[in-house]
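Data first, discussion second: the structure below is written as structure tokens.
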Amino acid sequence: MSHVAGLAAVKDKLSKLDRHVAKRMEAAIEAGARQMQADMVALASVRTGNLRSLLQSDEALRIFKRHGETRAEVGFRTRNMKKRGYMYFFVETGTKGYEAGWRRSAGYDKRGRKRYQRIKRTVPARPAQPFFRPALVNLKRNMARLRKEAWAKAAADMLVS
């Protein structure tokens, strides 16, 4: 009969690998969310400073840990933040310009027909100043790196212990 010395110890370490990886991934998710918040703050336009202060607030980042699952939310999370940050959607995407005399859509009347409103003065187009989308792209790139680091650190923990 053949016998491999130390096989029981290897099986024991492999059974603990899930916990080590989960612990490292929680840290990676938290680090990724904090980095995304920092990127959004750095990319935010600073005309009045309101957008930057909204994104820097404690309400803008929330990390949920429940039943072994870690989830992070970054951005305009609360009702108050959504109300105060409504116009920043237009900063992110830009706006269309209008010339005086043009007609633009103004909703629907009681009969369901489309209403139009005549523009009284020229409204210039506003270029997009994205802050959320580039931060999200950077997060996706960083999470791939953080995931690899989490696995490497978990494996190193297993070898040391």
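Nothing fancy with the numbering, it's 1 onward along the sequence. None of the values given here were measured: they were computed from a predicted structure.
The CZ atom of Arg141 sits 11.0 Å away from atom CG of Leu136, with the distance rounded to the nearest 0.5 Å. Between the OH atom of Tyr98 and the CD atom of Gln117 there is a distance of 9.5 Å, given to the nearest 0.5 Å. To the nearest 0.5 angstrom, Thr78 atom OG1 is 5.5 Å from Asn80 atom CG.
At least one donor-acceptor pair under 3.5 Å links the side chain of Thr95 to the backbone N or O of Arg126. Distance alone, capped at 3.5 Å, places no donor-acceptor pair between the Gln129 side chain and the Gly94 backbone. Although no hydrogens or angles enter the test, the distance criterion places no donor-acceptor pair under 3.5 Å between the side chain of Arg24 and the main chain of Ala152. A donor-acceptor pair is defined here as one N or O able to donate and one able to accept, closer than 3.5 Å; such a pair exists between the side chain of Arg52 and the backbone of Ala44. Judged by distance alone, the side chain of Arg103 and the main-chain N or O of Tyr116 form no donor-acceptor pair under 3.5 Å.
Here Glu73 pairs with Arg71, Arg77 under the salt bridge (charged side-chain N to carboxylate O under 4.0 Å, His left out) rule; sequence neighbours left out.
When every heavy atom of Ala28 is checked against every heavy atom of Leu146, the shortest pair comes out as O-CD1, 3.5 Å. Nearest heavy atom pair, residue Ile29 against residue Ala72, reads CG2-CB, 4.2 Å. Nearest approach of Leu139 to Gly32, heavy atoms of both residues: CD1-O, 3.3 Å. Looking at every heavy atom in both residues, Met25 comes nearest to Ala150 through SD-CB, 3.6 Å.
Side-chain atoms of Phe131 and Leu51, non-hydrogen and from C-beta on, do get closer than 4.5 Å to each other. Side-chain atoms of Leu54 and Arg84, non-hydrogen and from C-beta on, do get closer than 4.5 Å to each other. The shortest distance between side-chain heavy atoms of Val21 and Trp151 falls below 4.5 Å. Contact of the Leu55 side chain with the Gln37 side chain is not registered, since no non-hydrogen atoms from C-beta on lie closer than 4.5 Å. Using a 4.5 Å cut-off on side-chain heavy atoms (C-beta onward), Met40 and Pro134 make no contact. By the 4.5 Å heavy-atom criterion applied to side chains, Met36 and Asn138 are not counted as neighbours. A heavy-atom distance below 4.5 Å is found between the side chains of Thr70 and Ile63. Residues Arg115 and Ser105 form no side-chain contact, since every pair of their non-hydrogen atoms from C-beta on lies 4.5 Å or further apart.
Environment of OH in Tyr86: sparse, with no more than 12 heavy atoms of neighbouring residues, nucleotides or ligands closer than 6.0 Å. In the displayed structure, Lys65 atom NZ is contacted under 6.0 Å by more than 12 heavy atoms of other residues, nucleotides or ligands.
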Residues Arg34, Leu61; criterion side-chain contact (heavy atoms from CB on, under 4.5 Å); working and verdict: CA-CA 8 Å; Arg34 291 193 190 287; Leu61 175 67; 3.3 Å; yes
Stepwise side-chain contact (heavy atoms from CB on, under 4.5 Å) check, Trp102 with Arg104: CA-CA 7 Å; Trp102 285 6; Arg104 70 173 181 91; over 6 Å; no
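Using bins of under 30°, 30° to 60° and over 60° for the plane-to-plane angle, the ring pair Phe76/Tyr88 lands in the parallel bin.
One finds a salt bridge joining Glu149 and Arg145 here, because a Lys/Arg side-chain nitrogen approaches an Asp/Glu carboxylate oxygen to under 4.0 Å.
Hydrophobic cluster membership differs between Phe89 and Val46, with clusters built from Ile, Leu, Val, Met, Phe, Trp and Tyr side chains linked at under 4.5 angstrom.
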